[in-house]
Each structure stands twice: as structure tokens, then as C-alpha cells.
4 protein chains.
Amino acid sequence: MAHVKGPDHSRRKERSRQAILEATRALVAEEAYEKVTVEAIAARAGVGKQTIYRRWPSKSAVVFAALLALSEDPDGQSVALPDTGDLETDLKLVMRATAEEFADPSFDRLIRALNTEIANDAELAAEYREKLAQPLEEAKKARLRSAQEVGQLDADADLDLVLEVLYAPLFQRWLHRSGPLTAAYADSLVDATLRAFGPRTGVGSTPGELGPVDS
Amino acid sequence: MAHVKGPDHSRRKERSRQAILEATRALVAEEAYEKVTVEAIAARAGVGKQTIYRRWPSKSAVVFAALLALSEDPDGQSVALPDTGDLETDLKLVMRATAEEFADPSFDRLIRALNTEIANDAELAAEYREKLAQPLEEAKKARLRSAQEVGQLDADADLDLVLEVLYAPLFQRWLHRSGPLTAAYADSLVDATLRAFGPRTGVGSTPGELGPVDS
Amino acid sequence: MAHVKGPDHSRRKERSRQAILEATRALVAEEAYEKVTVEAIAARAGVGKQTIYRRWPSKSAVVFAALLALSEDPDGQSVALPDTGDLETDLKLVMRATAEEFADPSFDRLIRALNTEIANDAELAAEYREKLAQPLEEAKKARLRSAQEVGQLDADADLDLVLEVLYAPLFQRWLHRSGPLTAAYADSLVDATLRAFGPRTGVGSTPGELGPVDS
Amino acid sequence: MAHVKGPDHSRRKERSRQAILEATRALVAEEAYEKVTVEAIAARAGVGKQTIYRRWPSKSAVVFAALLALSEDPDGQSVALPDTGDLETDLKLVMRATAEEFADPSFDRLIRALNTEIANDAELAAEYREKLAQPLEEAKKARLRSAQEVGQLDADADLDLVLEVLYAPLFQRWLHRSGPLTAAYADSLVDATLRAFGPRTGVGSTPGELGPVDS
DNA sequence: TTCTAAACGAGACGGTACGTCCTGTCTTACC
DNA sequence: GGTAAGACAGGACGTACCGTCTCGTTTAGAA
């Protein structure tokens with residue numbers, strides 16, 4: 001088990017790595033993505049450019065890593081959606097929060113940068129899905145499955161599809177700035193989704209038996 | 001108010017304009033958007049760089065204009081969706097066609113470039129909506145209204161929302177490469193949309209009896 | 001005779017060229033050669049780096065060109081050594097002037113830079129000889145030939161060798177800082193050279209016979 | 001005076017020191033001086049960079065030390081010129097050997113590197129003179145003094161000047177590549193030097209008659 | 001038909017950022 | 001404790017484009 005490698009310098013490495021990611025995040029949040037330069041990141045992080053290029057192959061990769069780290073920080077922790085027992089309530093809560101998040105200018109810039117990256121780089125897109133999107137989707141699907149068990153959602157529904165119908169309109173409206181992201185809009189997406197994938201009435205079980213589903 | 005200008009050179013202008021837009025389209029279709037340079041466009045179009053900058057303020061604007069022109073070309077013509085009388089049939093046709101379109105690599109690159117532009121530039125986004133998105137949406141809404149009239153779609157449905165629920169999942173799946181764009185997928189989006197916004201025909205209940213449920 | 005070439009931009013070209021060479025000269029005169037950077041030259045000249053690299057392949061070449069230009073400036077003019085008729089007087093005048101020149105710190109730095117270049121690059125050395133050294137040597141040899149004609153110098157002397165014996169010690173002492181460059185030293189080099197290559201006494205003609213030709 | 005040090009790592013020290021100097025020599029002999037890097041030296045010597053910087057303050061110093069060591073190696077030995085009793089013979093032997101030495105490409109690169117260093121660094125130049133040049137010059141002067149004693153050289157000649165007249169032309173011709181370094185050339189330098197500083201035996205004239213010509 | 005002035009192709013220009021390389025210092029692990 | 005390994009901050013390198021400017025050269029309309 002004796003490895004032949006050199007020293008790991010792990011403390012310095014970690015310190016500079018964090019400084020770089022933090023500086024990147026700050027810069028991307030501050031100004032338009034295309035104006036963020038590797039030189040500025042290095043300067044802000046108090047780091048030589050080579051230290052950046054030693055770890056990442058391009059600006060895209062650094063920015064992407066910085067944004068990934070943003071969501072990964074609480075390492076071991078697994079995300080979970082609220083579960084009050086009422087799907088509609090929970091979804092509206094989550095969707096309204098999501099809509100609000102997009103309103104924050106610095107969050108907006110960060111996510112636009114991230115989307116620009118992954119839209120134009122299939123590899124980064126794959127990494128994004130694996131590291132960020134899937135865990136989040138799993139959490140959401142867990143909530144949906146729990147709803148399926150209590151008959152608040154069609155047991156046969158394709159959960160990926162459900163999530164897309166729920167989230168994609170919000171995402172697209174934000175990305176294209178094609179309309180306001182209000183709470184009412186968030187609610188109406190939940191309503192539409194539940195109409196599309198809610199319990200199939202008259203298949204042996206009555207919703208009413210399980211208690212009220214609507215607000 | 002008659003100004004004393006020289007010859008208008010309109011023929012040359014038009015020729016070089018077309019050459020620029022065509023070269024831009026070709027380059028964007030060929031390689032990653034960020035590798036398309038104004039210099040390359042000028043060279044390919046057999047044009048001086050200044051001739052480009054005389055007309056457009058930035059590379060973004062040229063690319064955007066090139067893509068706009070792509071869809072505007074059949075000038076006077078107004079798009080219209082098929083109307084067989086059956087909304088489900090028509091929508092599935094359209095959605096399957098849309099899904100196929102995205103599969104063409106050069107179309108893919110063009111639209112990714114366009115989306116990158118408008119995602120990061122609010123002004124271009126506005127122009128995009130005005131010139132491209134809205135006319136298309138109007139055509140789609142016209143078809144939906146026709147469906148409302150024959151009771152194939154909830155008369156109170158917010159048509160913008162309907163279109164988002166229908167298209168946004170497809171768009172997002174394409175943009176993030178998060179799943180295959182099959183005909184079955186296109187169909188399932190139509191199905192879901194129709195479940196969400198179709199006629200409110202309960203089992204043994206008339207739509208009118210239940211009244212609108214939405215807020 | 002209609003040429004197919006583009007515009008010559010000669011005025012801009014010449015202006016920026018002069019600015020670059022002047023800035024280079026100033027910087028090389030100011031500080032150690034190795035601390036002169038292309039970036040500093042560009043900044044001082046108010047010029048983009050690319051404008052330098054468009055003309056010269058390396059820093060060496062720019063510096064070399066700057067130093068060449070320094071001596072070439074009076075374009076058509078051909079150098080000539082004084083000719084009073086007395087070789088010893090003339091040579092001592094020239095050698096003392098040369099010794100003094102080397103004492104000027106900014107001249108010193110310039111010439112050290114030049115020598116560093118040509119010592120390490122055979123091509124530059126060839127160009128240096130052709131453009132700077134040879135014309136100067138020709139002027140010197142012209143004076144020596146005139147001396148040979150009046151019997152003040154051995155008619156069979158190899159003039160290249162004479163010049164080397166005369167100048168090389170001064171040059172080496174300066175380059176290696178191995179001794180002071182005084183007027184007395186300059187004189188003693190002339191004396192030694194004249195002893196080595198002066199008229200061969202007793203070969204039929206006495207110098208005195210021809211009488212002094214000087215002023 | 002025995003100093004109280006720990007385990008005397010002197011052997012390791014000496015080993016790594018030798019490895020560094022040897023690697024430096026090899027690299028300088030192999031390629032252009034400016035392409036020799038400290039990193040390459042360290043790698044070739046199998047040594048950490050810090051081990052180099054612990055001993056020498058800069059790359060210049062390492063290279064200089066390497067070249068110094070080259071000539072110092074036979075430590076206690078003091079150089080001496082041949083003395084056959086005939087100065088001309090001895091000098092021609094030495095000058096021809098010197099000229100040949102310069103023809104060796106790897107020697108050439110080494111000495112060019114050395115000259116570049118000392119031409120641009122007064123401190124190194126001083127060290128060079130003290131450690132390398134002066135001992136050698138002393139040896140040469142010893143031979144000249146011996147010649148003075150037997151009347152083969154002017155007893156009043158400034159031996160530094162004699163050496164310069166003898167060697168500097170060869171050195172300059174080599175440094176500037178301004179001519180071939182042939183045996184005939186070497187001989188002609190000896191001849192010229194002896195004419196300039198040889199015994200003052202005029203044909204039928206006593207030296208005293210002419211008197212010193214110098215100022 | 002000749003003249004004239006705008007628009008043009010070409011491409012140099014001042015800049016900015018890129019990604020690479022090397023210097024001289026610092027840190028870690030090993031011996 | 002000194003060493004090999006090599007990461008680090010810094011900074012120059014030479015390249016690629018940007019958007020501007022400056023040339024001669026079309027070229028199409030007005031004279």
C-alpha cells in the first residue's frame with residue numbers, strides 16, 4: 001500500500017482551490033459572464049493564473065466548477081423536499097420559492113452563466129446532470145412517489161415527465177424573459193401539472209377517502 | 001426634407017448584407033458558436049470587417065440577425081398550424097416535427113447559438129420575442145382558440161400557459177440534453193397538456209356543472 | 001504597371017515603427033537589457049504588442065533594429081575619418097573619442113545589449129556586420145590606405161588585422177571591464193599598432209622625404 | 001577550530017553540487033544559453049530546485065559557477081605556458097591552440113554563455129577576473145617576463161597591454177564571428193605583437209636614438 | 001461620357017485576454 | 001535536518017480577436 005507519490009500539499013491546494021472558486025462566484029455574480037476573465041479571477045483569488053490552469057482546462061470549466069461547488073457545499077447532506085402530506089401545498093411552496101430565487105440578480109447571472117456553459121458543451125452538461133440535476137430530481141421524485149402512494153398522483157405517471165411539465169415552463173419563461181415569475185404563475189403550473197397527472201378519478205379509489213387534496 | 005445624398009448603392013449594400021448573413025449562418029452551423037469570429041465571417045463573406053461593423057454593433061447582433069433572417073425569409077407569409085379539426089392529432093404532428101427538427105446537428109448549433117445570445121442579452125431577447133417568437137405563438141394560439149371553440153380545449157385556459165406546458169419540456173430536454181426527443185415523448189407531452197387543459201368532462205358530469213376551478 | 005496590392009498605410013506604419021524603435025532605445029538605455037519587455041516597449045510606444053510582433057519575430061530583433069537604426073539614421077551619409085595627413089594624430093583622436101563614448105552609461109547599456117544579441121545569434125551578427133560594422137570599417141580602412149600611400153603604414157599590412165589590433169583591445173577591456181579606458185590607454189594602442197604596422201624602415205624610402213602632408 | 005556541526009552531510013552536499021554543475025555544463029553545451037532553465041538543470045541533476053537556489057542566488061550564478069568549476073577543476077595546479085626559450089615559437093603554439101579551442105561547438109556555447117553573463121553583470125565580471133582571468137594572465141605574464149629577461153621583449157612593455165594586443169583581436173573575431181580563426185591568423189597576431197613590443201633593435205639604429213614615442 | 005462621393009476590400013492599428021512558460025519561494029513527505 | 005518533488009504567486013511571452021481607422025478601389029448616380 002506504500003504509494004510512490006510525492007507530497008500531497010493538500011492544505012495549500014485546498015486553500016487556493018477555495019479561493020479560486022469563491023472569486024469566480026463573486027465575479028460571475030457581479031458582472032456579465034463574458035466579462036469575467038481568468039486573469040481577474042486569479043487576481044481576485046490572490047493566485048497565479050497557472051494555479052487555475054493546473055486544475056481546470058478552460059474558463060468554462062472553472063466557472064462550472066465554481067457553480068457546482070455552490071450547490072455541493074453541504075457535502076454529505078442529501079436534499080429533501082417538504083412533505084406535509086399534501087402534494088399541492090408542498091409543490092406550490094417549492095415552485096414559489098424557485099420563482100423567487102430566479103429574481104435575485106446575482107443568482108440570475110450565476111444560473112445564466114451555468115446554462116450558457118451546459119447548453120454549449122455536452123460534456124459539462126453531462127457532469128451537470130450527474131452532479132447537480134439528478135440528485136435534485138431524485139429528491140423531487142421521492143416526494144412525487146410519496147404522493148403516488150397516497151393516491152395524490154397517478155401511480156403510472158412518468159415522474160421525469162411530471163417534473164418537466166412542472167419545471168420546464170418556469171425555466172423557459174425565466175431563460176427567455178418571456179413573462180413574469182409570480183407566485184400565481186407558480187401556482188398555475190402546479191395546478192396544470194396536477195390536472196395532467198393527478199389521481200385518475202373513478203378507478204376504484206375516491207380521492208375523498210384519503211382526505212382533502214385541494215387547498 | 002429632401003436630403004442631398006449621393007447614390008444609394010443599394011444593390012451593393014444588399015449583396016454584401018446577404019453575403020454576411022449567409023457566411024454567418026454557415027459558420028455558426030459548422031462549429032461551436034464561441035469559435036465563430038467576426039474576422040472569419042468577413043473573410044468567408046469576402047467583405048471587409050468594417051462593412052459588418054457599419055451595420056451591426058457587435059458579433060452577437062450579426063449572428064442574431066443572421067438567424068432572424070433565416071426564419072423571416074419567406075417575408076409576407078404568415079405561419080399557420082395544421083387544422084384537421086382534431087387538436088390532439090394536429091398537436092402531435094407539430095410536436096413530432098419540432099422534435100425532429102432539433103435532431104439536425106446544424107439546426108441544433110444555430111438554435112443553441114441563438115439561445116445563448118438571447119439568454120444573456122435582454123435586448124436581443126426582446127427583439128427575438130417580437131420578431132420571431134410572438135408571430136409563431138400567435139399562430140399556435142390561433143389553433144388553440146379554434147380548439148376552444150369546438151370544445152376540445154378548456155375555454156378559460158390561459159393559452160400562453162398551455163403553450164409553455166406543451167413546448168417548454170421539449171425545449172428544456174433539448175437544451176440540457178436530459179433525455180431523448182422521440183415521437184413518443186412528443187405525444188406524451190400533448191397528452192399531458194390535453195389532460196391539463198382539455199375539456200372538463202367528468203364521468204357523468206357536465207363541464208358546466210363543475211364550473212371553473214382555477215383561481 | 002497596375003499593381004494589385006492593397007493600400008500601403010505607409011504613414012501609419014512609419015509613425016508606429018519610429019515610436020517602437022525610439023521607445024526600445026529609451027528603455028534599453030534606461031535599464032538592464034533583460035528587464036526590457038516587449039510589453040513595456042509597446043506601452044511606452046503607445047502601440048499594441050501585435051504591432052511589434054507583426055514586424056519583428058522576437059524581442060532580440062526589435063532591440064537589434066532599434067540599435068541599427070540608431071546608427072543608420074543619417075541615411076545617405078557615408079562616415080569618414082578625419083585625415084590631417086598624420087595617421088598617428090588622427091588615430092589617437094578617433095581612439096580617444098571611442099574610449100569616451102564607452103564611458104557614457106546609456107551608450108554603454110545600448111552597446112552591451114547589442115553585443116549580447118550578436119554574440120548569441122549568428123544571423124544578427126551577420127546583419128550587424130553588413131549594416132553597421134563593415135561601412136564603418138571601410139571608412140577606417142580608407143584612412144589607413146591613405147596612410148599607406150604616404151608611407152605612414154606598411155603597404156603590405158592586412159588592414160583588417162591592423163584594425164583588430166587597434167580596436168579589439170579597447171573593446172575587450174570595455175566588455176570585460178578589465179581596465180580603465182583612458183586617453184593614455186587609447187594612445188598606447190595607437191602607438192603599439194603603429195610599431196607593429198608602421199613603415200618598414202630602411203626599405204628605400206624615408207618617410208621624411210615625402211614631407212608632412214598635414215594641415 | 002573544529003566546528004561542532006551535526007552529521008556532516010558534506011558528502012551529499014558535494015555530490016549534489018557536482019551533479020548540478022555537471023548538468024548545467026551539459027545543458028549549456030547542448031543548446032542556446034537562453035533556453036537553459038533552472039528547472040531543466042534540476043531535473044537533469046536529479047535535484048530539487050531549492051537545492052540550487054539554496055546555493056546560488058540566480059540562474060546566472062549557477063551557470064557562472066559551472067563554467068568557473070570547469071577551469072578550476074585541477075585545483076591546486078597552477079597553469080603555466082610552455083617556455084622553449086623562444087617567445088615567438090611559444091606564443092604561436094599557444095595562440096594556435098586557443099584558436100582551435102574556440103572552434104569546438106560545445107566550448108563555443110559555454111564561453112558565449114560565460115561572456116554574456118560577465119558582459120552584463122559587473123559583479124560576475126569581477127569574480128571572473130579574479131578567479132579565472134587573472135591566474136591565467138599571471139601565467140602568461142610570467143612567460144613574457146621571462147622573455148623580457150632574455151631580450152625577446154621590450155623590457156619597458158606594459159604586459160597587460162601586450163596580452164591585450166595579442167589576445168583581444170582573436171577574442172573579438174570569435175565573438176563577432178567576423179573572420180576565420182586559422183593558424184595563420186594566430187601567427188600573424190604573434191608577429192604583430194612582437195613587432196610592437198619586441199626588442200627595439202632598429203637596422204643600424206639604437207633604440208635610444210628614436211626614444212619613446214608614447215606620450 | 002465623365003465626374004464624384006459613398007461604400008467597399010483589405011488589413012494595420014491600439015487593446016485585452018488568452019493559455020504557456022519560467023522564476024524564485026514555500027510546503028510537504030521522506031530518509 | 002536536509003532533500004526531492006513540485007505547487008505556488010508573479011509576470012512575460014507570443015497569439016488571437018475585438019472594434020476602430022486608414023488606405024486605395026469600385027461603382028452608380030448626377031452632371
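All chains are named by letter (A, B, ...) in the order of the sequence lines, taking the proteins before the strands, and each is independently numbered beginning at 1.
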Q: With side-chain hydrogen bond (donor to acceptor under 3.5 Å, both in side chains) as the test, would you mind laying out the steps for D/R55 and D/S16 before giving the verdict?
A: CA-CA 11 Å; D/R55 293 190 210 291; D/S16 69; 2.8 Å; yes

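Of the listed residues (D/T116, D/N115, D/D108), just one forms a side chain to side chain donor-acceptor pair (under 3.5 Å) with D/R112, and that residue is D/D108.
Note: CD (D/E34) to C1' (F/dA12) measures 15 Å, nearest angstrom. Distance D/E31 CD to E/dC22 C1': 14 Å, rounded to the nearest Å. Note: CD (A/E39) to P (F/dA9) measures 15 Å, nearest angstrom. A/I41 has its CD1 atom 14 Å from the P atom of F/dA9, to the nearest Å. Per the geometry, CD belonging to B/E14 stands 14 Å off C1' belonging to E/dA7, to the nearest Å.
Residues from residues 44-54 of chain D placing a heavy atom under 4.0 Å of any atom in DNA chain E, listed by number, are D/K49, D/Q50, D/Y53.
Residues C/K59 and A/R17 each lie close to DNA chain F; by heavy-atom proximity, the contact nearer the 5' end of the strand is made by A/R17. Residues C/S16 and A/A40 each lie close to DNA chain E; by heavy-atom proximity, the contact nearer the 5' end of the strand is made by C/S16. Between B/K35 and A/R55, the residue anchored closer to the 5' end of DNA chain F is A/R55, taking for each the nucleotide with the nearest heavy atom.
Side-chain contact annotation: B/S60 with B/D121, donor-acceptor N/O pair under 3.5 Å absent.
The environment of A/E30 atom CD is dense: over 12 non-hydrogen atoms of other residues, nucleotides or ligands sit within 6.0 angstrom.
Applying the side chain to side chain contact (heavy atoms under 4.5 Å, CB included) criterion to A/E39, with sequence neighbours excluded, gives A/T37, A/K49.
Under the 3.5 Å distance criterion, the side-chain polar atoms of C/R25 are matched with a main-chain donor or acceptor of C/A66.
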